[in-house]
Amino acid sequence: MDAARTDETGLRSDAARNRARIVETARELFRTRGIDVPMNTIARHAGVGVATLFRRFPTRDALVIEVFAEQIARCQVVLDDAVDDPDPWHGFCRLIEFTCAEQLKDRGLTEAFLALFAGEIDYEKRRRDVETAFKKLVHRAQEAGRLRPDFDYGDLVMVLLANGGLRNAPPEHAEDLSRRFVVYLLQTFSTEGGAEREPLPPASPLGLHHVQRQGEDA
């Protein structure tokens with residue numbers, strides 16, 4: 001074996017470094033700008049040629065899946081723990097809280113989760129497995145009488161789209177707004193109410209002038 005071939009994939013060391021640089025650059029750009037960042041922009045920021053990028057990742061989907069493989073795996077662990085929680089309502093709440101918090105940190109993760117990569121069999125299987133597990137969790141929480149019976153598993157997409165909109169808030173307020181929003185949601189989803197409801201997190205000091213300012217900056 002050539003001494004220069006040090007990577008477990010069999011790539012030469014310089015090619016392995018290029019690949020790692022592409023992945024790290026794409027991860028940062030996807031996090032801040034979403035997964036639709038042009039491939040030539042990723043190549044430029046990574047300091048490699050476009051041809052080099054496409055040799056390593058022939059399609060955008062291949063790059064997206066590589067970038068988010070670890071995070072999606074971590075989300076899978078959280079989902080599995082939620083499904084196995086003896087208290088399904090507790091598991092449901094933990095999953096919604098975790099998912100919304102991760103979404104605020106990384107714009108690209110949710111886009112990758114919601115995207116459809118028709119040519120990637122493994123990804124499609126994982127997505128179907130996630131949907132099946134979430135349906136099971138919803139069913140268990142409803143059977144326990146804690147989750148309202150008209151909640152539909154497809155409402156998770158609505159939650160993600162709504163929570164994702166809070167990224168447009170001033171950065172110093174987005175996380176606080178999201179936490180309060182999630183508590184509102186969970187109280188709405190719950191069959192319990194009144195004095196038993198968990199107190200809301202503190203309200204954000206944002207006013208309508210902040211919204212106007214955000215519109216002017218867009």
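Heavy atoms only: backbone and side chains are in, while hydrogens, waters and symmetry mates are out.
- The closest donor-acceptor contact from the side chain of R148 to the backbone of S190 lies at 3.5 Å or more, if one exists at all.
- To the nearest 0.5 angstrom, L53 atom CG is 10.5 Å from T41 atom OG1.
- To the nearest 0.5 angstrom, L137 atom CG is 11.0 Å from D80 atom CG.
- The minimum heavy-atom distance between H45 and T25, with the atom names listed, is CB-CG2, 3.4 Å.
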Verify side chain to side chain contact (heavy atoms under 4.5 Å, CB included) between L63 and R60, making sure each step is shown before the conclusion.
-> CA-CA 5 Å; L63 179 57; R60 176 187 299 276; 5.6 Å; no
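- The side-chain contact (heavy atoms from CB on, under 4.5 Å) test applied to L147 returns W89, F92, V138, A141, Q142, F151, F189, not counting sequence neighbours.
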When you look at K105 and E102, which way does the salt bridge (Lys or Arg N to Asp or Glu O under 4.0 Å) test go after all the steps?
-> CA-CA 5 Å; K105 297 176 186 175; E102 287 295 301; 3.4 Å; yes
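- With sequence neighbours excluded, the residues satisfying side-chain contact (heavy atoms from CB on, under 4.5 Å) with H139 are E143.
- For T99 (side chain) and L95 (main-chain N/O), a donor-acceptor pair under 3.5 Å exists by modelled atom type.
- Qualifying ring pair (Phe, Tyr, Trp, His ring centres under 6.0 Å) partners for F134, counting only residues two or more places apart in sequence or in other chains: none.
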Start with the C-alpha gap between D85 and D81, add the side-chain angles, then the distance that decides, and say whether side chain to side chain contact (heavy atoms under 4.5 Å, CB included) holds.
-> CA-CA 6 Å; D85 194 314; D81 288 346; over 6 Å; no
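- Among all heavy-atom pairs drawn from A144 and P88, the shortest one is CB-CG, 3.9 Å.
- The structure places CG of N168 at 11.5 Å from CG of L177, a figure rounded to the nearest 0.5 Å.
- A salt bridge links D176 to R179: one of the charged nitrogens lies within less than 4.0 Å of a carboxylate oxygen.
- At distances below 3.5 Å, not a single donor-acceptor pair connects side-chain atoms of R167 with backbone N or O atoms of L104.
- Between E97 and R94, none of the side-chain N atoms (NZ, or NE/NH1/NH2) sits under 4.0 Å from a carboxylate O, so this pair counts as no salt bridge.
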F54 vs V50, side chain to side chain contact (heavy atoms under 4.5 Å, CB included): CA-CA, chis, key distance, verdict = CA-CA 6 Å; F54 279 106; V50 175; 3.4 Å; yes
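- Note that the CG atom of L186 and the CZ atom of R146 stand 10.5 Å from one another [nearest 0.5 Å].
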After noting the C-alpha distance and the side-chain angles of V64 and F57, does the key distance pass the side chain to side chain contact (heavy atoms under 4.5 Å, CB included) rule?
-> CA-CA 9 Å; V64 169; F57 301 98; over 6 Å; no
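- The closest donor-acceptor contact from the side chain of T191 to the backbone of G145 lies under 3.5 Å.
- Under the 4.5 Å side-chain heavy-atom criterion for ILVMFWY residues, no single connected hydrophobic cluster contains both M158 and L166.
- Contacts of R31 classified as salt bridge (charged side-chain N to carboxylate O under 4.0 Å, His left out), with partners at least two apart in sequence or in another chain: E28.
- D87 contributes a side-chain N or O that, together with a main-chain N or O of H90, makes up a donor-acceptor pair within less than 3.5 Å.
- Within 6.0 Å of atom CD in E66, more than 12 heavy atoms from other residues, nucleotides or ligands are found, so the atom counts as buried in its surroundings.
- With sequence neighbours left out, the side-chain contact (heavy atoms from CB on, under 4.5 Å) criterion links D84 to no other residue.
- Side-chain atoms of S178 do not come within 3.5 Å of backbone N or O of A174 as any donor-acceptor pair.
- Residues N163 and C100 share a closest heavy-atom pair of ND2-O, 3.1 Å.
- Scanning for side-chain contact (heavy atoms from CB on, under 4.5 Å) contacts around T52 gives N18, V48, R55, with sequence neighbours left out.
- Taken from CG in D152 to NZ in K135, the straight-line distance is 8.5 Å, to the nearest 0.5 Å.
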